[in-house]
Amino acid sequence: SRLSVGSIECVIGVALDESGKVTELFVIHSSGLGGYDQEALQTIRDSSPFSAPPTQFLKQGQLRMSWTFTVYL
């Protein structure tokens, strides 16, 4: 079992175009730790481009989603 005393979490908004390139990237909910939020953003930038998203999920040529980054303490 996992024993945790808390967590640090931020939520990032991401939009991909039809080829998988990041077109929007922003913090929806900050962790309160600027460095942690910036590392989450950089992780996504460094991972781009992604695979092309399925066309049925595209709206106006983009796939918009949110990703949550959590560290359990």
Side-chain angles (χ1 to χ4, degrees):
S1 73
R2 179 180 16 193
L3 177 65
S4 66
V5 294
S7 63
I8 300 170
E9 182 173 282
C10 69
V11 180
I12 305 295
V14 183
L16 304 179
D17 68 11
E18 62 277 346
S19 69
K21 180 181 172 192
V22 173
T23 58
E24 293 180 53
L25 187 61
F26 54 94
V27 176
I28 294 173
H29 178 75
S30 174
S31 67
L33 302 171
Y36 183 74
D37 296 351
Q38 290 305 311
E39 285 296 322
L41 292 167
Q42 192 61 47
T43 297
I44 296 168
R45 284 187 199 102
D46 290 347
S47 300
S48 181
F50 296 90
S51 298
T55 55
Q56 67 264 30
F57 296 123
L58 297 176
K59 289 189 180 175
Q60 298 175 341
Q62 292 191 330
L63 171 63
R64 288 185 165 80
M65 61 196 124
S66 65
W67 293 351
T68 303
F69 290 76
T70 306
V71 173
Y72 295 99
L73 307 171

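Keep in mind it's a predicted model, so treat the numbers as computed, not measured. Numbers here simply count residues along the sequence, with the first being 1.
Heavy-atom minimum distance, L33 versus S31: N-OG, 3.0 Å. Contact detail for G20 and S48: the closest heavy-atom pair is O-OG, 4.3 Å. In plain terms, the two heavy atoms of S47 and T43 that are nearest each other are OG-O, 2.8 Å.
With sequence neighbours excluded, the residues forming a side-chain contact (heavy atoms from CB on, under 4.5 Å) with E9 are T68, T70, listed by chain and number. Among residues two or more places apart in sequence or in another chain, the side-chain contact (heavy atoms from CB on, under 4.5 Å) test is passed with I44 by I12, V14, V22, L25, F50, W67, F69.
The side-chain hydrogen bond (donor to acceptor under 3.5 Å, both in side chains) analysis of residues 53-63, with sequence neighbours excluded, yields the pairs T23-Q62, Q62-R64.
Clustering ILVMFWY residues whenever any of their side-chain heavy atoms sit less than 4.5 angstrom apart, transitively, puts L16 in the very cluster that holds L58. Side-chain heavy atoms closer than 4.5 Å link hydrophobic residues (I, L, V, M, F, W, Y) into clusters, and following such links, possibly through other members, connects L63 to L41.
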